[in-house]
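Computed from heavy atoms alone, side chains included, the values below leave out hydrogens, waters and symmetry copies. Values in this document were obtained by computation on a predicted structure and should not be read as measured data.
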Amino acid sequence: MSMLRQFFEIGTNPALFDGLYISTNPELCQEFMGKYPVISISLKGVDADNYEDTLVNSLQELSELLECDQLLQ
């Protein structure tokens with residue numbers, strides 16, 4: 001997932017992809033590379049026994065992230 005984040009994230013270093021297959025498609029790189037804000041969320045701390053609890057816990061994690069303005073960093 002880190003590679004996807006690095007590709008899309010605003011301010012990415014295009015040199016990270018030099019020599020990789022994706023760099024052989026300059027149109028794709030120009031259109032998408034470094035153009036989007038990326039939200040990275042870890043769900044490893046979500047502990048639940050079923051889908052509904054997982055969803056509630058995941059939304060709680062996202063809510064806490066938004067409340068402490070970590071998305072702006």
Sequence-distant partners of Gln30, side-chain hydrogen bond (donor to acceptor under 3.5 Å, both in side chains), two or more places apart: none
Taken in chain and number order and not counting sequence neighbours, the residues that satisfy side-chain hydrogen bond (donor to acceptor under 3.5 Å, both in side chains) with Ser63 are Glu67
Measure across Ser23 and Cys29 and return the closest heavy-atom pair with its distance rounded to 0.1 Å. CA-SG, 4.2 Å
In the single-linkage hydrophobic clustering (I, L, V, M, F, W, Y; side-chain heavy atoms under 4.5 Å), do Tyr21 and Phe7 co-cluster? no
Below 3.5 Å, can you tabulate the donor-acceptor pairs from side chains in residues 12-19 to any protein atom, sequence neighbours excluded?
unit_1, atom_1, unit_2, atom_2, d
Thr12, OG1, Gln6, O, 2.3
Asn13, OD1, Ala15, N, 3.0

Name all residues meeting the side chain to side chain contact (heavy atoms under 4.5 Å, CB included) criterion together with Thr54; count only those two or more places apart in sequence or in a different chain, and write none if there are none. Val46, Ala48, Ser58
Rounded to the nearest 0.5 Å, the CG atom of Asn25 sits from the CE atom of Met33 at a distance of 10.0 Å
For residues 32-63, the ring pair (Phe, Tyr, Trp, His ring centres under 6.0 Å) pairs (sequence neighbours left out) are none
Do you know which two heavy atoms are closest between Ile10 and Lys35, and how far apart they sit? CG1-C, 3.8 Å
Counting C-beta onward and ignoring hydrogens, is there a side-chain heavy-atom pair between Ile22 and Met3 closer than 4.5 Å? no
Once rounded to the nearest 0.5 Å, what's the spacing between atom CG of Leu55 and atom CG of Asn50? 10.0 Å
Hydrophobic clusters join Ile, Leu, Val, Met, Phe, Trp and Tyr when side-chain heavy atoms are under 4.5 Å apart, directly or via other members; which others share one with Val56? none
